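Quick notes on the structure that follows.
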Number of protein chains: 2
Amino acid sequence: MTDTAPRPTLEAVAARAGVSRATVSRVVNGGDGVREPLVERVRKAVEELGYVPNQAARSLVTRRHDAVAVVVAEPETRVFADPFFALQLRGISKELTAYDNQLVLLLTEGRDDHARVGRYLAGGHVDGALVFSLHLDDPLPGLIQHAGVPTVFGGRPDWSGGDRRGVVYVDSDNRGGARDAVRHLVGLGRTRIAHITGALDQTSAVDRLDGYRDVMVDADPRLIVEGDFTPAGGERAMRELLERCPDLDAVFAANDLTAAGALRVLRESGRRVPQDVAVVGFDDMLPVAEQTEPSLTTVRQDIEEMGRLMARLLLRGLDRRAAEQGVGAAPSSVVLPTTLVRRASA
Amino acid sequence: MTDTAPRPTLEAVAARAGVSRATVSRVVNGGDGVREPLVERVRKAVEELGYVPNQAARSLVTRRHDAVAVVVAEPETRVFADPFFALQLRGISKELTAYDNQLVLLLTEGRDDHARVGRYLAGGHVDGALVFSLHLDDPLPGLIQHAGVPTVFGGRPDWSGGDRRGVVYVDSDNRGGARDAVRHLVGLGRTRIAHITGALDQTSAVDRLDGYRDVMVDADPRLIVEGDFTPAGGERAMRELLERCPDLDAVFAANDLTAAGALRVLRESGRRVPQDVAVVGFDDMLPVAEQTEPSLTTVRQDIEEMGRLMARLLLRGLDRRAAEQGVGAAPSSVVLPTTLVRRASA
DNA sequence: AACGGAGGTGAGAGCGCTCTCCGATCATCG
DNA sequence: CGATGATCGGAGAGCGCTCTCACCTCCGTT
């Protein structure tokens with residue numbers, strides 16, 4: 001439609017306002033040290049010409065991009081298809097927008113993609129990165145640390161292989177939340193409390209299992225079955241549990257989807273929930289938790305806030321860096337609290 | 001950790017390879033017209049120095065950014081939290097990655113955000129835009145057309161207010177899919193077929209309703225109730241339907257979530273599905289459709305493919321534009337076919 | 001009344017890259 | 001064996017911006 005409109009440059013604005021480029025630049029970037037009448041004239045010229053700074057030219061000299069990469073390692077569809085990530089992304093977006101930063105989304109799938117992402121980050125196209133590294137053996141954290149890009153992780157990364165110094169992450173208190181869930185079941189008088197874990201190659205699943213163990217210090221090992229965060233996994237695990245321990249009276253599922261699967265099997269088996277078996281989930285994913293039958297008691301985490309916090313931490317770190325290694329502590333990791341939401345299932 | 005490593009420049013590579021900047025540039029950008037031995041030498045120097053081109057400098061002269069904005073208007077949480085968008089995004093990401101383009105994600109929320117997005121697009125920071133404009137009265141399409149940025153829409157935009165010339169979009173065959181769904185119900189011998197619509201401020205909902213009407217030419221108007229694409233809306237609508245038309249024997253729900261809500265109400269009311277009432281959904285969102293009771297017969301659309309296609313269309317358009325308004329038709333809109341997936345509910 | 005010092009403003013040098021000339025180089029043909 | 005293209009490689013001019021200086025007002029001081 002419109003032919004490539006010849007966008008006005010600083011020069012053009014300067015000419016129109018009858019000042020030098022430098023002055024226009026000053027006005028555009030905050031306007032400090034320019035007298036009011038001039039500021040006004042420049043503003044007017046900018047307005048009239050519809051001037052928008054050329055980010056490329058600016059980046060070339062400032063070495064800043066006002067852009068942050070969000071890297072999502074997504075080996076499995078599940079991860080991406082659940083609302084979890086979407087909510088976090090939204091939190092991130094809000095925070096970045098508030099500070100005029102762009103969000104560059106990098107989805108990876110498979111090993112070669114990792115290399116690509118590493119190259120991209122090392123290439124200095126963005127000021128920092130927010131990384132969702134979900135699996136224990138993920139090479140991504142290492143790659144990124146190597147790339148030397150300021151980074152904040154979503155969820156505690158696995159640092160078994162690496163250097164944990166300087167690693168900043170934002171996570172929910174998975175362990176504490178799990179403890180709360182299990183304690184709640186204990187408080188209900190349940191004694192044979194089972195746990196269906198998440199995919200144990202993810203720290204969140206491990207942490208929730210640890211929380212369960214914190215309370216059930218000498219639990220019957222048969223009460224713990226590995227799931228994978230999916231409803232199908234929950235069903236399978238629940239069947240196994242019922243076979244092994246028909247006397248169980250409660251289940252703590254590693255997430256709501258798992259709980260939904262478990263509920264279905266419990267119903268099939270003729271158990272009443274919560275009378276015969278109480279069930280608690282994790283996440284408080286509304287579309288799931290509110291619609292199971294019965295509705296699910298679960299552990300809520302503020303996912304959007306996690307995202308917002310990640311972005312905030314990163315931007316703060318960038319500022320600090322910009323301020324010539326200024327004083328003030330480097331940002332450190334944050335673990336957000338969880339809350340138990342009581343519904344009908346326990 | 002690492003102090004800002006002084007990244008090597010073209011100059012440095014040239015020096016090391018013993019050639020001029022121009023030659024290095026040529027090699028880096030395809031290597032045409034440079035003799036093999038030199039190419040080799042340059043490649044080696046690039047490798048050794050770990051040279052990565054400075055995108056900002058390059059953009060400054062080429063006026064290309066190799067970046068595409070993805071704009072998601074998201075007035076409601078629902079839109080974002082469902083897997084639909086995530087899948088589409090994945091398709092887009094794959095395609096963009098394949099052509100070395102970056103994905104800049106712009107989430108909007110509310111009016112002032114629109115202005116921000118308009119400014120950003122008009123600012124020429126990206127080569128093109130992929131826009132998900134979901135609501136009929138959305139000012140975004142207009143803003144974008146005004147910004148003069150090559151754009152492909154996800155889902156047929158509402159152009160009641162605007163100029164539809166040159167508007168390119170990718171959509172599922174919502175109307176055709178709806179027809180198939182209803183015809184299937186007719187084929188099952190159902191005669192009192194109800195429809196729970198989606199949010200009618202979205203073209204997809206309108207198109208599905210139209211498809212329903214295509215088959216049920218003189219349907220009892222009481223058989224049509226407005227929903228909003230949510231399970232809660234589905235429940236509400238189903239209750240209303242049962243009250244109005246207790247004799248209905250089938251329901252076509254505008255999407256799977258709505259169908260899930262409807263199923264719940266049907267079960268509550270003592271109806272058996274599919275014996276008493278057959279139910280068909282739309283979308284084939286696996287986590288939902290496979291897990292309702294009974295599993296849902298629904299209309300599948302290839303969501304990821306839609307995303308991929310959007311990106312492909314846009315990139316093709318950009319190429320064309322780059323080729324000096326070359327010949328070859330401007331890309332035109334694409335409507336992807338849908339398929340009926342039979343499960344237990346109808 | 002002259003002078004030092006702020007505080008404003010402008011000139012100019014790049015940031016790292018691409019791309020257009022042009023000159024150099026080689027093979028080929030008369 | 002020399003002229004003639006065709007091809008390859010290099011020099012250099014910017015792309016639009018920021019930022020350092022140097023300059024130039026204009027004020028307050030002595």
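These numbers come from a predicted model, not from an experiment. By convention in this document, chain letters (A, B, ...) are assigned in the order of the sequence lines, proteins followed by strands, and residues within each chain are numbered from 1.
- B:E36 CD: more than 12 foreign heavy atoms inside a 6.0 Å radius.
- Ion pairing of B:E304 with B:R308 is present here, as a side-chain N (NZ or NE/NH1/NH2) and a carboxylate O approach within less than 4.0 Å.
- Between A:L87 and A:L89 there is no side-chain heavy-atom pair separated by less than 4.5 Å.
- Between A:L143 and A:H114, the shortest heavy-atom distance links the atoms CD1-O, 3.6 Å.
- With 3.5 Å as the limit, one finds no donor-acceptor pair spanning the side chains of B:R63 and A:N54.
- Taking 4.0 Å as the cutoff to heavy atoms of chain B, we find the contact window on DNA chain D bounded by D:dC8 to D:dG16.
- For the contact set between residues 34-46 of chain A and DNA chain D, defined by any heavy atom under 4.0 Å, there are no members.
- The heavy-atom pair separating B:A67 from B:V104 by the smallest distance is CB-CG2, 4.4 Å.
- Under the 4.0 Å criterion applied to side-chain N and carboxylate O atoms, A:R116 and A:D113 are assigned as salt-bridge partners.
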Assess whether side-chain contact (heavy atoms from CB on, under 4.5 Å) is satisfied between A:L140 and A:V71, documenting all intermediate values.
CA-CA 9 Å; A:L140 213 50; A:V71 183; 3.6 Å; yes

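- In terms of the side-chain hydrogen bond (donor to acceptor under 3.5 Å, both in side chains) criterion, residue partners of A:D66 (sequence neighbours excluded) are, by chain and number, A:R64.
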Can you list the steps and then say if A:V13 with A:R16 is a side-chain contact (heavy atoms from CB on, under 4.5 Å)?
CA-CA 5 Å; A:V13 177; A:R16 178 164 197 120; 5.8 Å; no

Using the rule given for side-chain contact (heavy atoms from CB on, under 4.5 Å), can you reason through B:V131 versus B:I144, listing the C-alpha separation, both sets of side-chain angles and the distance that settles it, and then say yes or no?
CA-CA 9 Å; B:V131 179; B:I144 286 162; 3.4 Å; yes

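- Between A:L314 and A:P150, the shortest heavy-atom contact is CD1-O, 3.5 Å.
- Taking five base pairs at each end of the helix from C:dA1-D:dT30 to C:dG30-D:dC1, the local helix axes there meet at an angle of 50°, rounded to 10°.
- Residues from residues 52-61 of chain B lying near DNA chain C, meaning a heavy-atom separation below 4.0 Å, are B:P53, B:N54, B:A57, B:R58, B:L60, B:V61 in numerical order.
- Salt-bridge annotation for B:K44 and B:E48: present, with a side-chain N of the basic residue lying under 4.0 Å from a carboxylate O of the acidic one.
- Proximity of residues 18-26 of chain A to DNA chain C (heavy atom under 4.0 angstrom from any strand atom) is restricted to A:V19, A:S20, A:R21, A:A22, A:T23, A:R26.
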side-chain contact (heavy atoms from CB on, under 4.5 Å) evaluation trace for B:L313 with B:Y169
CA-CA 9 Å; B:L313 246 43; B:Y169 67 87; over 6 Å; no

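- At distances below 3.5 Å, not a single donor-acceptor pair connects side-chain atoms of A:S59 with backbone N or O atoms of A:A57.
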